[in-house]
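Reading through the structure tokens given below for one structure.
Convention: sequence-line order gives letters A, B, ...; per-chain numbering from 1. All figures in this text were calculated on a predicted structure; none of them were measured in a lab.
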Amino acid sequence: MKYSHKDIEKKWQDRWDAEKAFAATNDRSKPKYFALVEFPYPSGAGLHVGHPRPYTALDIVSRKRRMEGYNVLYPMGWDAFGLPTENYAIKNKMHPRTVTENNVKRFKGQLKSLGFAFDWDREINTTDERYYKWTQWIFLQLFKKGLAYKKEMNVNWCTSCKVVLANEEVVGGKCERCGSDVVRKAKSQWMLKITEYADRLIDDLDTVDYIERVKLAEKNWIGRSYGAEVNFDTSRGDKLKVFTTRPDTLYGATYMVIAPEHPYVEKWKDSLSNYEDIIAYREAAAKKSDFERTEMAKDKTGVRLEGVSAINPMTGKEIPIFVSDYVLITYGTGAIMAVPAHDDRDWEFAKVFGLPIIEVVAGGNVEEAAFTDVETGVMVNSGILNGLEVKDAKQRIIEHLTELGIGEKKVNYKLRDWVFSRQRYWGEPIPLVYCEHCGWQPIDEKDLPLTLPEVESYEPTDNGESPLATMTDWVNTTCPKCGASAKRETDTMPQWAGSSWYFMRYCDPYNDEAFASKEALDYWLPVDWYNGGMEHATLHLLYSRFWSKVLYDLGFISCPEPYLKRTSHGMILGEDGEKMSKSRGNVVNPDDVVEEFGADTMRLYEMFIGDFEKSAPWSTNSVKGCRRFLDRFAALNDKIVPTISPELEKSLHKTIMKVTNDIEAMKFNTAIAAMMTLLNDIHSAGGADVETLKTFALLLCPFAPHLAEEMWASLGGKGLASLAPWPKYDESKTVDASIEVAVSVLGKFQGTVTVAVDADEDTVYAEALKLEKVLARIEGKQVFKKIFIPNKMLNILCK
RNA sequence: GCGGGUAUGGCGGAAUUGGCAGACGCGUAAGAUUCAGGUUCUUAUGUUCGCAAGGAUGUGCAGGUUCAAGUCCUGUUACCCGCACCA
């Protein structure tokens, strides 16, 4: 059989479509399997060679599951709201919807050309009214549960996109998307209380099978730390509350620092003789972007509050208070007790301002550097804590502070609430109305979806208002509660909204009564295997877990964790080993590869390229190697023989075993290597019988489905190979009757002997003595010990 | 600074978890097929010494444990990815 990918790929794709071969069924008696890949943002650039890597991997898994008899759900959709589309639409004077439609069409064609076994009947699109109706509905549930609130706050403002960014979207002080500077700007924003779920988002990670680095990234991002809150008396007669993870060092607190934005600056205004200086410092700090602020991290600056001081509750000593931008208003209480002897930052600050450094944990030299070790030190200069280890001192002091009523145990998180508003057009409208009498009111659920109005201009406004704000007809409405005139919220939701629950919609995509029926959700959820990019560990993954937990608490779904298993793929780099980018000119277009070599080669290559979890550079030569393998596979069609040797049969069964196991372990590269070995074996043997070749075709089917179908059909296979039962191996045919055992003398390899499986030490030794090299090595010496590992090796020790 | 990861031929990568390092593929060389190029097939291919038989050496670097180390331990270097004044 001459292999021509152009002749067969379209043919089988059409056949799969016509037979709805990959549609999930309603047969709920079968075990289900929900395999999920992150749905793409349909950008104008089209599919990138990075996309097919995870898609192929889970395509292989889901195809295997289907062949194993599962009712498989492997869906695909479009995460289509978002800034790039809107920007492109503005630039080219098109409607974002048109841009989205075009891009989706292109993406879908590309995905189809790769032969993925997606259930296209369940295709979803976040910009579809019938979809975002339910995104809005879920938002309303959050609002009604008190998890959404509006807050005037300093937000991250991208100067180029003219939009507010979530903390997660700011990378190194720059906009994650466009790379422009991000500055702070005070704006009133909708917030979601993800912090209320911080503990569960950490603790429930123990119940799921995520690769470790994803769990770690989430834990670090949430940043839970245990410590205490302590109230310090001040000379104003009020209390200044701090959070510390080192309450054990309280005796060493020689000054305090509050953030420049701390409300006490205003509260204490009358007592502050240098109030102007403090305000000047605060304004200078506000002008700095987060990035600059971090850049200056090395040089500690600050201003002492003249006129107010505090009392160290343990030593009774009066200590000064400073404002400094190394203390963040957004973390803890926005104020700290400073212990220069045992904190690097406090130490640096103390050196600049000439403040006392008092050692309270022995073990270092606090004149040279802060001693921050918590494992080895012993408490000194610390009254009731003297002699204790740090760990015990922490506990003791918290008990003591609690008794005195001036402190208590406290947990803090780095995680901030989720900034949920965007001042852009191409997003889900937030379904809330502001009434002067009733405040913020949800619109009636019957009135959902609240559709995006047609506007003249999508341009963002310089004052930071959403383009929707100019649509007075749309904005002016009536209060759902009292009927008085009211105004709609004009901000839209962030792109993360639609993707926070999309996997649930796949379960029941046409439902108009609910986001999905309880029955469908109970059957399909949780997702059995979810693969996606590492970059989403702290964004999408966290957000969607949060929404899932809320829906779980409200009784809409039955699982507290949406994804049972999460894996992540490595990036595909350019041929030069650098990240693919237009500017480097190293971008490979998947369409070109499919055109020249075929989808099967493309799929095979992307799996063969290396360890699935690691990055790997593209190599056109290696692509050719994969094509060669398929050519040689197709050639088997002309090499049918009546029977095969026991050796070849063994090779077949070993390959079935290896491919079966390797797919589960995501070791797609070695699974393919095993099939290459089998192919070499068959060619060396001069061919194989029909049954062997049919089995081989089934093994290859998840990887290179088009050619596998073609081979299966030409060998007389019934129905589609994609729906045939997955091959089984005979355990007894995977073990060799005889085996090569390595022989070493004094740990040095000398050669191998062939013996029966499970041959004992004496037998192997007797064979070993027939090896010339072994004899030469032990000649004239006395063998005093033999180390024997059955079926592996024999090491002869002599002197 | 903190956290995580990686390091194996000319290249991408294997190695049953301590037991023959380099599977599989690419590339390269020689030969066969072909008018020729391409394709295909055969053989060789870590480095090094040697005409050869054969020897030595070899998994970033330096030690260690062990009969035996790519794999375990200690130290160290380089690169990649997160987070980053989080009290």
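With both pairing distances under 3.5 Å, B/rA14 is matched to nothing as a Watson-Crick or G-U wobble pair. When Watson-Crick and G-U wobble pairs are counted only if both distances are under 3.5 Å, B/rU57 pairs with B/rG46. Figure legend. B/rC20 is base-paired to no nucleotide; pairs are counted as Watson-Crick or G-U wobble with both atom distances under 3.5 Å. Checking B/rU74 for Watson-Crick or G-U wobble geometry (two distances, each under 3.5 Å) identifies B/rA62 as its partner. Here B/rC35 sits opposite no nucleotide as a Watson-Crick or G-U wobble pair (both hydrogen-bonding atom distances under 3.5 Å).
One donor-acceptor pair, N or O on each side, does fall under 3.5 Å between the base of B/rC85 and the side chain of A/Lys300. If you check distances only, the side chain of A/Asn795 does reach the base of B/rC67 with a donor-acceptor pair under 3.5 Å.
For the P atom pair drawn from B/rA87 and B/rC80, the interatomic distance equals 28 Å after rounding to whole Å. As rounded to the nearest Å, B/rG22 and B/rA30 have C1' atoms that lie 23 Å from one another. Straight-line distance between the P atoms of B/rU47 and B/rU71: roughly 23 Å, to the nearest whole Å. Rounded to the nearest Å, the gap between the P atom of B/rC79 and that of B/rA68 is 35 Å. Of the P atoms belonging to B/rG27 and B/rU77, the separation is 40 Å, rounded to the nearest Å. Going from the P atom of B/rC73 to that of B/rG19 covers 15 Å, rounded to whole Å. Atom name P, nucleotides B/rG25 and B/rU45: the rounded distance is 15 Å, in whole Å. Nucleotides B/rU34 and B/rG38 place their P atoms 15 Å apart, quoted to the nearest Å.
For the pair A/Arg632 and B/rC41, the criterion of a side-chain N or O lying under 4.0 Å from OP1 or OP2 is met. For A/Asn791 and B/rU16, the shortest distance from a side-chain N or O to OP1 or OP2 is not below 4.0 Å. Remark: A/Arg628 is in phosphate contact with B/rC26, judged by side-chain N or O atoms under 4.0 Å from OP1 or OP2. Close to B/rG13, at under 4.0 Å from its OP1 or OP2, lies no side-chain N or O of A/Thr670. Applying the 4.0 Å criterion to OP1 and OP2 of B/rA14, one finds that A/Asn669 has a side-chain N or O inside that range.
Residue A/Ile787 is classed as a base contact, given a heavy-atom separation below 4.0 Å to a base. Backbone-only engagement by A/Lys667 is indicated by non-hydrogen atom pairs under 4.0 Å involving sugar-phosphate atoms exclusively. Among the atoms of the strands shown, base atoms are found under 4.0 Å from some heavy atom of A/Thr752. Within 4.0 Å of A/Ser744, counting heavy atoms only, lies no atom of the nucleic acid at all. Residue contacts shown for A/Ile789 include a base, since a base heavy atom lies under 4.0 Å away. A/Thr330 comes within 4.0 angstrom of no nucleic acid atom, judged by non-hydrogen atoms across all strands. A/Asp611 comes within 4.0 angstrom of the backbone, heavy atoms only, and of no base. A/Glu212 comes within 4.0 angstrom of no nucleic acid atom, judged by non-hydrogen atoms across all strands. At the heavy-atom level, A/Asn412 lies nowhere under 4.0 Å from the strands shown. As judged by a 4.0 angstrom heavy-atom cut-off over every strand, A/Asp631 is placed among residues making no nucleic acid contact.
Annotation: side chain of A/Leu636 is in contact with side chain of A/Phe633 (closest heavy-atom distance under 4.5 Å).
Of the N and O atoms on the side chains of A/Asp199 and A/Tyr413, at least one donor lies less than 3.5 Å from an acceptor on the other residue. Remark: the A/Tyr729 side chain and the A/Thr655 side chain contain no N/O donor-acceptor pair separated by less than 3.5 Å. A side-chain donor-acceptor contact under 3.5 Å links A/Thr763 and A/Asp760. In this model, a donor atom of one side chain and an acceptor atom of the other lie less than 3.5 Å apart for A/Thr620 and A/Glu575.
Taking atom CG of A/Asp662 as the reference point, atom C1' of B/rA14 lies 11 Å away to the nearest angstrom. Atom P of nucleotide B/rC11 and atom CH2 of A/Trp618 are separated by 21 Å, given to the nearest angstrom. If you measure from atom CE of A/Met607 to atom P of B/rG13, you get 14 Å, rounded to the nearest angstrom. Distance A/Phe668 CZ to B/rA23 P: 23 Å, rounded to the nearest Å. In this entry the distance linking CZ of A/Phe749 with P of B/rG58 reads 17 Å, nearest Å. Spacing between atom CG of A/Asn621 and atom P of B/rC11 amounts to 14 Å, rounded to whole angstrom units. Nucleotide B/rG12 holds its P atom 14 Å from the CZ atom of A/Arg53, rounded to whole Å. B/rC2 atom P lies 12 Å from atom CG of A/Asp373, rounded to whole Å.
Evaluated for a side chain to side chain contact (heavy atoms under 4.5 Å, CB included) with A/Trp221, the options A/Leu539, A/Leu542, A/Leu216 yield exactly one hit, A/Leu542. Of the residues listed (A/Val764, A/Val755, A/Val757), the one engaging A/Asn791 in a side chain to side chain contact (heavy atoms under 4.5 Å, CB included) is A/Val757, and it is the only one.
Within a 6.0 Å radius of NZ in A/Lys409, no more than 12 heavy atoms belonging to other residues, nucleotides or ligands are found.
Which of B/rA56, B/rA84, B/rG55 sits closest to the side chain of A/Lys773 comes down to B/rG55. Among the nucleotides B/rC85, B/rC24, B/rA87, the one closest to any side-chain atom of A/Tyr326 is B/rC85.
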